[in-house]
Every structure is written in structure tokens, then in C-alpha cells.
Amino acid sequence: MFPLRRRPGFLAVVLLLLLFLSFQGMDDADKTIAYTDQDGRIKLFKVTTTEFLSSSIWKNPLLPKDTQPLAQTVFRRKRKEDRTQELLQVDREAELNMRNVATDRSRNFSNKIIMAKVYATIAHSQKQPDLYVLLMTCIKQSQEGIGDAHMDYKFDLSALERAKAIGHALSSARDVLYNSGEVSRRLRVMLQSTELNIHSVKKQNSFLVQHAAKTVPMPLHCLHMQLTTDYHFRDGVVKEYFRDAALKEEEDKAKREDRSLYHYAIFSDNVLAASVVVRSTVTHAKEPEKHVFHIVTDRLNFAAMTMWFISNPPLPATVHVENIDNFKWLNSSYCSVLRQLESARLKEYYFKAHDPSSLSDGNENLKYRNPKYLSMLNHLRFYMPEIHPKFDKILFLDDDVVVQEDLTPLWDVDLKGMVNGAFETCKESFHRFNTYLNFSHPKISENFDPHACGWAFGMNMFDLKEWKKQNITGICHYWQDLNEDRKLWKLDTLPPGLITFYNLTYPLNRTWHVLGLGYDPAVDLVEIENAAVVHYNGNYKPWLDLAISKYKPYWSKYVDLDNSHIQRCYMSEQ
């Protein structure tokens, strides 16, 4: 099998060839072609059949003579993108040197501007209007020069002239106004004011990033609405999908309970994200017919999730979608965290503006107000045996991962009697237990090692036989009850996971799971290429505009660009 993810040129030619053949015999109406650019963003453009067939740049001897031409328009775009990437790679060191020079010059500019502001305030207080106007004019012009330099990484001649002008103005001001005590006092006032501004900007930035990260993008919302409409108002084509699904139901039902197959657990309310997880896994599976995906979603997204996998089944693998509301055992009398999520105290803590946790009252730790922590879908990972009582092992995958290799060897890993197989995240002092738990509380300090190594949710192999034997769910309930006042940890799933699986976690090889693509722009690209699973943990999810562009292609290559709903929803955005 070709490793297509490492052969983009070959794959592009194959796709264009298929496009060409599909255009034969069609009328001259506009056709929509979907593709992903070099940053992994989904793009669409329209071309008529005549334009497509009449634009050629080479001939394929394997095709009949009357079907020789391929689409020059598409090839030109591809060649232009490739050339752009080549130019971006040219002499990175020279570009870095230019940046450093611009930064140094900008710093010198900034120092002069600061001193000019000091002397301007002194000139104003000492009634020196001409000097005050001169300094303020130079400040404005110099700030414009810095803005241009940051944009182009160099100063033009006019910017250098502005630097000279503010230097001359400062020299004149010192001659007239210099007083060391007054200058020091003014600088202290400026420093205090700047610190307050920085603090305010940081809070605003934190809020805006969290808001952008948790807002559903319009194309994604559109996709869910289109699929939900199809599910409830079934036309002829959709009815065919449902008939095909009904015919496979008996066969799929047997597979869903077959212990000899490879079973995955995915909990998600995001159709596009879940589809990428499934598609990337099936693409790299050596025996895809033996892989079964159990997806649990909520009532709001059940129709859309079901419709997607009925109309886009990842054959020959099997997908089973369930509604969390159908789990009758999942109630507040049994589940501690559900009881807490439904409590008025918790809702007030997370949603009332007057509460100390709110932004207006100065709390910066906004990540704990993330809506996903208040969703029971996020906590289902602690109830694996209840959801899948017949299995001995199951692989849990978050919906923000991409699979790049066959995962079946994970079922052969000997967990040495442990319950949880996971990737350890501790590096020096980072990501250890004291990062996540409150060790000032005696219950935590008496039972856990603050320097114990943390690990990650996202790709976890669970031994369900050991889970039941060790009563993992009971351990989880015990600690959740103790944390009702949120004194042991904030609302999240990793801290209770660290506690529940303490001394019961087996460290998997580092190549299985690479993290950080959702927040760290410095993840080693070689590690990403060689990883079995890459994880976009963090705010910068690959389906958001916030995504780190160099990581996005690893995800977007598994988006089904031929799907009419995806084309329609992303077309409406452009």
C-alpha cells in the first residue's frame, strides 16, 4: 500500500486524473472542486467542463488520445503553491537576522519614545508649548515608523529620518528640562501605568482566546444542521442510505459485540472531528474490517452524527453511534460527577458574573470555565465497563487526534497488570502531580507523590478486566465525592484520572502518542511524522481558524472534501 500521506504529488495527480474522467460527457455547467491549501485550510473553486478539459499541460500515454489533456488550471495552482513553499524555505537564517535587526532598531526607537513621553509631560507641566508639540509630533511619527518596521522587518529611509528627528528633539528637551528627580518620578508613573495596561490586555486576550476556541465555527454548525435536516426529512437518496444501513444492521450487531475484533471508544459532539478520527484510523489499518468504532454523542448531535456515518460509512470497518441519554444507569444517584454538574452551586460557580471565578472579578484561570468540563460526554471515560460490559480491552481516542499508523499492535501490549496504558508527559518538573492537584490539602498530600509523573488522555488502552477487578469506577466516585467543594482540583478530567489510575498506569512508548499540536508551535516535526497518533490538545483545534497552520494539514487531509455538505458549508464561508 502506498504511504499516501508522504506522497502529496502522486496523490494530486491521481485525484486530478479521476476528476478529468468524471468530467467526460458532462454539460458545461459550473463544477465545484474542493482542495486543501498548504496551510491545511479547506478551499473551493468553480470551473466549467469546457475550461477543465481544454486546459492541458502534459499528456498521459495510458489514456486514449481524445482524453489526453489534464487540468492546467489546477496544476498551475499546485505549482504556484509549491513554489511559494520553496521560497518560504529559502534562507531562513537571513530572514531571522533581518528580524533581529528590526527588533534591535525597534527597541532603540521604543527607548527614545519613552524618554520623549517623559519630557513631553514635563514640558506640558512647565508650560513649554512649542517643545511639547515638537515632542508629541516626533512620538507619533516614530510610532508609525515602528509599525512599518514590524510589518516589513526593515526600516525605510523615512523611518530612519524620524529616528534622527526624535533624537534631535530629545537633545533639545534635555538641555531645557533635564531634572533627574523629576525624570525618575515620571518614569515610575509610566511603569505603573504600563503594568496595569499589560495586565488588562492579558486578561482580555485570555478571554478572547477562550471564547474563540469554544465558539462553533459557522461551517461546522452548517454541517450539523444539514445532516440533522437529512436525518429527519429523508428524501429519496437518504432513504437509500437508511435501507442500506438496515441491511447491514444484523452483521454490524454481531461485530459490535465480538471480542476478537478491535474496539474503539470515542465520545464527541463534533461530527467533522469524529469523522477524521475514524477515517484516519481506517486508512492506516491493515485489516480495517476488524475495527469497530463505538461513538457516543449527546441528544443534540445524535441525528447529525448518525446521518454522517450512514451516508459516509468507513467500509469495511463498522461504526455504531449511541445517544448518551439512552444510558439509563447514568443518573445522579449513581454518578457523583453528574450530581455535581446538576447542582445549583456548581452552575453558579461557573456562570454567575459576581462569583470570584469570573473575569470581571480578576480571575485569570478561565480554562476551568470551558464548557466541555460541564459536559457529561467528557466524563464518560470513567465508565468504560458500564458502556462496554462484554469487552476485555478497548482503545479510547479523543476527537482531536489523528491516527497515522496501524494501531492494532496496541492490543498486544502487556500492561503488566495495570489498567491504563498511556503516554507519560512529565519533563523535568513539568506535568507532575503537583501541577494538577492541590497538595496543600491533607487528603492529597497524604495519598499521592507530588513528583509522580503525569500522563495524557487522548489515546489510552484500557484493560476492562483489571478495571472491574480493581473497582476503578468506585475509586473515581470516592474521590469525586470528596471534591464536591472543588478543594482537591478544579473541574477537569485529567486530575481525577491521575488520582483514579494512580500506580495503575503503564507508560506506552513515546512514538505512539505525540501531544501539543493544539498549543505548542515548537513540536518537533520529525516526531510528528513518526508518531502513530498526533494530538491537538489545547485551544488551537485544527477545525478552527486559530489552528497552528503548519500542523493543520496533518488533520485536513482526512476531511472528506467530496462530501456535498462540506462543500456547501465551506463555500458559504468564502
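Just so you know, these numbers use all the heavy atoms, side chains as well, and skip hydrogens, waters and symmetry mates.
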Checklist entry - Does a sphere of radius 6.0 Å around NE2 in H441 hold more than 12 heavy atoms from other residues, nucleotides or ligands, not counting ones at 6.0 Å or beyond? => result yes
Where the side chain of [X] meets the backbone of [Y], is there a donor-acceptor pair that is under 3.5 Å apart?
X	Y	result
Q340	Q480	yes
N438	N434	no
N563	H565	yes
K541	Y536	yes
K552	W543	no
S193	V189	no
T500	G497	no
D492	P495	no
Q404	A531	yes

Checklist entry - According to the side chain to side chain donor-acceptor pair (under 3.5 Å) rule, which pairs have a member within residues 512-523, sequence neighbours left out? => result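 Every side chain to side chain donor-acceptor pair (under 3.5 Å) pair that includes a residue of residues 512-523, provided the two are not neighbours, is H513-H535.
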Test of understanding: with side chain to side chain donor-acceptor pair (under 3.5 Å), list the residues that count as partners of [X], not counting sequence neighbours.
X	result
D269	none
D298	N301
K117	none
T511	N509

Checklist entry - Yes or no on side-chain contact (heavy atoms from CB on, under 4.5 Å) for F423 and N460, after CA distance, side-chain angles and deciding distance? => result CA-CA 8 Å; F423 170 72; N460 305 81; over 6 Å; no
Next on the checklist: So, taking the atom named CG in N483 and the one named NZ in K443, what distance separates them when rounded to the nearest 0.5 Å?
Outcome noted: 12.5 Å
Checklist entry - Hey, mind stepping through N270 and L272 against side-chain contact (heavy atoms from CB on, under 4.5 Å) and telling me if it holds? => result CA-CA 6 Å; N270 185 327; L272 193 60; 3.7 Å; yes
Residues which pass side-chain contact (heavy atoms from CB on, under 4.5 Å) with [X], listed by chain and number, not counting sequence neighbours:
X	value
R186	V118, T121, I122, S125, E182
L525	I528, Y551, Y554
I198	T194, K202
S280	V402, V403, Y558

Checklist entry - Under the 6.0 Å and 45° cation-pi test, does R381 pair with F457? => result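 Relative to the ring axis of F457, which defines the angle, R381 lies inside both limits.
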Next on the checklist: The criterion is ring pair (Phe, Tyr, Trp, His ring centres under 6.0 Å); which residues satisfy it with F448, sequence neighbours excluded?
Outcome noted: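 Per chain and number, F448 pairs via ring pair (Phe, Tyr, Trp, His ring centres under 6.0 Å) with W479, Y502.
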Next on the checklist: H168: which residues meet the ring pair (Phe, Tyr, Trp, His ring centres under 6.0 Å) condition with it, sequence neighbours left out?
Outcome noted: none
Item to check | Distance-minimising heavy-atom pair for M459 and L508 | outcome: CE-CD1, 3.7 Å
Next on the checklist: Please give me the minimum heavy-atom distance between H224 and A304, naming the atom from each residue.
Outcome noted: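 Residues H224 and A304, closest heavy atoms: O-CB, 3.7 Å.
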Checklist entry - Would you call Q226 and C569 a side-chain contact if the rule is heavy atoms closer than 4.5 Å? => result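 A side-chain contact under 4.5 Å exists here.
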Scan the side chains in residues 128-135 for donor-acceptor partners under 3.5 Å anywhere in the protein, sequence neighbours excluded, and list what turns up.
none

